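All remarks here apply to the structure that follows.
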Amino acid sequence: MKQLVKSTLAVVALATLASQAVSAQSSISKVNSRERILQVLDQSRPNDYVPAAFFLHFEHKLGRKAVQDHKDFYRATNMDFVKVFYEIAVPKIDIQSGKDWAKVPVYGEGFFEPQIAVIEDLAREFGKEAFILPTVYSPLALAGQTLGRDQRKNFKKLIEEDPKAFGQAIKNLSLSIENYLRAARKRGADGFYVSSQGGDGKLLSQRIWKQYVRPWDKHVSEVAAEIGIINILHICDYGTPYQDAEALYEFADYPASIINVPLKFADGSTLNLKEAQKRFGRPIFGGLERLGVIAKGSIEEAKAEVDKVLENAAPNFILGADCTVPGDTDWEKLRAVIDYTHTWRQTHKK
């Protein structure tokens with residue numbers, strides 16, 4: 001109940017900011033992307049402007065060249081916030097049995113400095129015009145990095161050998177992520193794009209997920225909500241689709257300003273975007289499949305898909321993909337789709 005009240009207060013505060021942004025629009029001719037995103041959070045009124053954003057991994061992961069890649073992509077696509085890719089991995093640890101999970105430490109802020117430096121540079125460049133939202137991997141994803149590729153096939157076995165030791169490792173990795181969040185916020189991040197991987201049934205039984213992983217997975221979102229202005233919760237189904245849409249609503253108690261959702265499920269069903277927005281009580285970000293027309297189709301095919309999505313989406317909605325699009329996706333196509341989306345409600349008024 002306490003968390004629900006806290007989450008509700010956060011939503012009210014954001015709605016107040018959104019209302020202020022709407023009021024400000026009447027006195028200025030050009031509204032920047034920060035204000036446009038805040039307007040979407042105010043679900044008491046529809047938005048004529050539809051924000052949009054897509055993400056892809058860049059050739060350069062860290063350093064000045066990575067900063068330049070992010071700058072070039074943001075300018076080229078005209079997207080509505082700067083999503084900073086997380087590209088630093090925790091060290092591999094020799095885990096041969098379940099008890100070895102006890103070797104996983106808490107990583108301090110200094111460990112994340114190469115990533116924080118990228119965030120700081122982008123905040124300096126774009127922070128006044130767009131929200132700076134770094135990606136945040138889940139504790140489970142970091143546990144996979146800890147194990148390393150050669151041991152991935154044994155991941156589930158090593159978890160089940162000593163769930164308590166694994167749970168401590170997840171806690172330490174979650175506290176490490178908290179260090180990253182706090183450092184990033186101090187250096188210019190406005191909030192975060194937080195990934196949760198709770199649906200990975202290939203790895204976790206429901207007992208282990210609920211007892212040892214979920215509390216610390218949720219802790220990441222709680223810290224982000226505590227310190228950030230605006231956050232996106234990405235419910236990640238990479239590797240293992242959720243059984244159906246109902247499985248998504250397990251995350252409805254995670255604090256977040258916006259929800260990024262999977263679109264297809266293991267039972268063959270697809271997500272109803274309006275229903276999802278109603279159930280979560282927050283704007284939905286997404287609508288397009290990352291490996292669909294946005295990656296493989298023509299510009300006209302992609303626009304036709306946007307038409308279908310926006311005809312069936314709630315009035316306050318952000319267009320994007322259900323996850324990261326392939327690295328070779330045409331930037332010009334992304335720009336064309338984003339520009340088309342921005343004016344869609346104005347050009348498709350009934």
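Index from 1, following the sequence. Predicted model, so just to flag it, every value in this text is computed and none were measured. Side chains included, hydrogens not; waters and symmetry mates left out as well; all remaining heavy atoms used.
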Expected output: side-chain Asn172 to main-chain Leu175 donor-acceptor under 3.5 Å: no

Single-linkage hydrophobic cluster, 4.5 Å side-chain cutoff, Ile95 and Leu142 together: yes

Derivation of the salt bridge (charged side-chain N to carboxylate O under 4.0 Å, His left out) call for Glu301 and Lys333: CA-CA 10 Å; Glu301 287 171 331; Lys333 178 168 60 175; over 6 Å; no

Parallel, tilted or perpendicular, as decided by the 30° and 60° cut-offs, for the rings of Trp331 and Phe73: perpendicular

Spatial distance of atom CD1 (Ile119) from atom CD1 (Ile116) [nearest 0.5 Å]: 4.5 Å

Of Tyr254, Phe285, Tyr249, Phe251, the residue whose pairing with Phe280 passes ring-ring contact (aromatic ring centres under 6.0 Å, His included): Tyr249

Lys/Arg N to Asp/Glu carboxylate O, Arg214 vs Asp217, below 4.0 Å: no

Nearest heavy-atom neighbours spanning Ala52 and Ile338: CB-CG1, 4.0 Å

Flag, side chain of Gln277 to backbone of Ile284, donor-acceptor distance under 3.5 Å: yes

Heavy-atom side-chain contact between Val337 and Glu305 under 4.5 Å: no

Separation of Arg64 CZ from Gln68 CD (nearest 0.5 Å): 11.0 Å

Lys NZ or Arg CZ of Lys83 over Phe85 ring: under 6.0 Å, within 45°: yes

Criterion side chain to side chain donor-acceptor pair (under 3.5 Å) against Tyr49, the qualifying member of His342, Gln346, Arg345: His342

Atom of Val293, atom of Ala302 and distance for their closest heavy-atom approach: CG2-CA, 3.8 Å

Same apolar cluster: Ile259 and Phe55, side chain cutoff 4.5 Å: yes

Asp190 side chain vs Ile230 backbone, donor-acceptor pair below 3.5 Å: no

Ion pair check, Glu125 and Arg75, cut-off under 4.0 Å: yes

Side-chain donor or acceptor of Asp69 paired with backbone N/O of Phe58 under 3.5 Å: no

Exercise: identify the closest heavy-atom pair between Ile132 and Ala123: CG1-CA, 3.8 Å

Side chain proximity check, Pro134 to Phe192, heavy atoms < 4.5 angstrom: yes

Asn316 side chain to Asp42 backbone, donor-acceptor under 3.5 Å: yes

Sidechain-backbone polar pair: Gln168 side chain, Ala165 backbone, donor-acceptor under 3.5 Å: no

Audit row: Leu203, Gln197, side-chain contact (heavy atoms from CB on, under 4.5 Å) steps and yes/no: CA-CA 10 Å; Leu203 296 180; Gln197 284 182 284; over 6 Å; no

More than 12 heavy atoms from other groups under 6.0 Å of NZ on Lys264: no

Heavy atoms of other groups near Lys153 NZ, more than 12 under 6.0 Å: yes

Close side-chain approach of Phe166 and Leu204, heavy atoms under 4.5 Å: yes

Spacing of Ser33 atom OG and Asn78 atom CG [to the nearest 0.5 Å]: 7.0 Å

Verdict with supporting geometry, Val306 and Val309, side-chain contact (heavy atoms from CB on, under 4.5 Å): CA-CA 5 Å; Val306 170; Val309 171; 5.6 Å; no

Intermediate values then yes/no, ring pair (Phe, Tyr, Trp, His ring centres under 6.0 Å), Tyr193 and Phe81: CA-CA 11 Å; Tyr193 179 87; Phe81 51 85; 7.8 Å; no

Trace of the salt bridge (charged side-chain N to carboxylate O under 4.0 Å, His left out) decision for Arg187 with Glu113: CA-CA 10 Å; Arg187 302 274 284 277; Glu113 178 57 32; 2.7 Å; yes

Considering all heavy atoms, the nearest Ile318-Ile258 contact: CD1-CD1, 3.6 Å

Distance in Å, His57 NE2 paired with Thr329 OG1, rounded so as to fall on 0.5 Å steps: 11.5 Å

Backbone N/O of Ala252 and side chain of Arg282: donor-acceptor pair under 3.5 Å: yes

Atom pair OG1 (Thr146) and CG (Leu173), whose distance is rounded to the nearest 0.5 Å: 5.0 Å

CD (Gln96) with more than 12 external heavy atoms under 6.0 Å: yes

More than 12 heavy atoms from other groups under 6.0 Å of NZ on Lys99: no

Residue pair Phe54, Ile294: steps toward the side-chain contact (heavy atoms from CB on, under 4.5 Å) verdict: CA-CA 9 Å; Phe54 297 97; Ile294 197 64; 3.8 Å; yes

Main-chain N/O of Leu147 paired with Arg152 side-chain donor or acceptor, under 3.5 Å: no

Closest contact, heavy atoms only, Ala336 versus Ile299: CB-CG2, 3.8 Å

Electrostatic pair Lys218:Asp253 at N-O distance under 4.0 angstrom: yes

Salt bridge (charged side-chain N to carboxylate O under 4.0 Å, His left out) between Glu246 and Arg279, worked out: CA-CA 10 Å; Glu246 284 300 315; Arg279 293 282 296 272; 3.0 Å; yes

Under 3.5 Å: donor-acceptor pair, side chain of Trp101, backbone of Leu158: yes

Reported NZ-to-OG distance for the pair Lys156 and Ser205, which is rounded to 0.5 angstrom: 7.5 Å

Audit row: Arg335, Asp339, salt bridge (charged side-chain N to carboxylate O under 4.0 Å, His left out) steps and yes/no: CA-CA 6 Å; Arg335 173 62 182 257; Asp339 285 347; 2.8 Å; yes

Intermediate values then yes/no, side-chain contact (heavy atoms from CB on, under 4.5 Å), Lys171 and Val104: CA-CA 10 Å; Lys171 176 181 178 180; Val104 177; over 6 Å; no

Smallest separation among heavy atoms of Ala225 and Pro255, with atom names: CB-CB, 3.7 Å

ILVMFWY cluster, Val220 and Val106 together (side-chain gap under 4.5 Å): yes

Ring center gap for Tyr180 and Tyr86 short of 6.0 angstrom: yes

Any donor-acceptor pair under 3.5 Å from Asn272 side chain to Lys274 backbone: yes

